[in-house]
Amino acid sequence: MVNDNEREVVMLTVSSYLFRVLLFIHFDRNPALRSHLAALDGHPGETLLDEDRFTDAMMERGNLCCGALNRDLAHFFPHIGMSTPCILKRSSVEHVAAVNPAFTRRYRAEVGAGVAMHFTLALCAFADLDFPFEPRAAEEVEDTAGELEMF
């Protein structure tokens, strides 16, 4: 169950030719979360009162989550990319059905002492592609890592 006080979400996407993962991190700009983010940023005891610092901290945490997911999935899907996190109103999550996800779940996680957050995960898979695509083995990609291709 999503908390009615959580008015915003950080939206993240990780995509390949075969799927798209959408992750929404629900949050409210409350003192407990502000203190938690301040401690994670190396400022224990401080609250992130400045809205820009709070927003930056939420975006950075979202970016770290997205990067970890991207790294883990890249072992199995060589052509993968991730989005830049963006902050949206919580009501935008109600429209996730428009992208026809094959799997949607909501989670609650304790991320710190007295700090719980909610997450919505949606997986869009097996959609028709609008261009020809043939998957390659991961070994082929590893041999060319670091090379610059000119178009």
Side-chain angles (χ1 to χ4, degrees), residues 1-42 47-48 50-142 144-145 149:
M1 183 78 185
V2 174
N3 185 339
D4 285 337
N5 293 328
E6 296 169 328
R7 306 276 182 226
E8 296 175 275
V9 294
V10 174
M11 184 186 80
L12 311 161
T13 59
V14 174
S15 300
S16 81
Y17 299 125
L18 303 173
F19 68 87
R20 177 176 43 234
V21 176
L22 302 167
L23 176 64
F24 298 90
I25 303 171
H26 302 250
F27 70 94
D28 185 25
R29 296 171 184 263
N30 61 48
L33 181 57
R34 288 173 184 271
S35 293
H36 179 70
L37 291 176
L40 290 175
D41 282 346
T47 58
L48 294 172
D50 177 85
E51 291 303 316
D52 288 338
R53 285 180 60 202
F54 178 82
T55 300
D56 289 346
M58 277 304 298
M59 300 281 273
E60 182 58 27
R61 294 298 149 204
N63 203 27
L64 291 171
C65 290
C66 195
L69 184 60
N70 189 14
R71 278 189 305 280
D72 287 346
L73 289 173
H75 295 292
F76 306 100
F77 302 97
H79 302 285
I80 195 165
M82 65 183 208
S83 69
T84 300
C86 62
I87 294 180
L88 304 170
K89 297 293 181 192
R90 186 186 92 180
S91 59
S92 62
V93 178
E94 297 169 12
H95 302 284
V96 76
V99 295
N100 197 26
F103 174 87
T104 304
R105 291 290 184 272
R106 291 182 175 81
Y107 300 95
R108 179 182 183 276
E110 296 283 333
V111 296
V115 181
M117 295 182 76
H118 295 89
F119 303 86
T120 300
L121 177 69
L123 173 64
C124 303
F126 310 112
D128 291 335
L129 299 174
D130 60 355
F131 57 91
F133 166 71
E134 292 188 26
R136 296 188 310 181
E139 303 85 51
E140 292 178 46
V141 175
E142 289 176 15
T144 60
E149 186 173 327

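Being a predicted model, the structure only gives us computed values, none of them experimental.
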Nearest atoms (heavy-atom pairs only) where N63 meets P85: N-CG, 3.6 Å

Over all atoms of both residues, closest heavy-atom pair of F119 and A109: CE1-CB, 3.6 Å

Quick one: side chains of residues 91-105, donor-acceptor pairs under 3.5 Å with protein atoms, not counting sequence neighbours, listed by atom name and distance.
| from | atom 1 | to | atom 2 | distance (Å) |
| --- | --- | --- | --- | --- |
| S92 | OG | K89 | O | 2.7 |

Polar side-chain atom of S83 near backbone of T13 as donor-acceptor pair, under 3.5 Å: yes

H36 side chain to V111 backbone, donor-acceptor under 3.5 Å: yes

Report yes if some heavy atom in the side chain of [X] is under 4.5 Å from a heavy atom in the side chain of [Y]; otherwise report no.
| X | Y | value |
| --- | --- | --- |
| D56 | F54 | no |
| R106 | H118 | no |
| I25 | V9 | no |
| R20 | V14 | no |
| R29 | E8 | yes |
| M59 | I87 | yes |
| H79 | S16 | no |
| F27 | M58 | yes |

Chi angles and distances behind the ring-ring contact (aromatic ring centres under 6.0 Å, His included) call for Y17, F77: CA-CA 9 Å; Y17 299 125; F77 302 97; over 10 Å; no

Salt bridge flag under 4.0 Å for residues R34 and E51: yes

Residues that E110 engages under salt bridge (charged side-chain N to carboxylate O under 4.0 Å, His left out), provided they are two or more places apart: R108

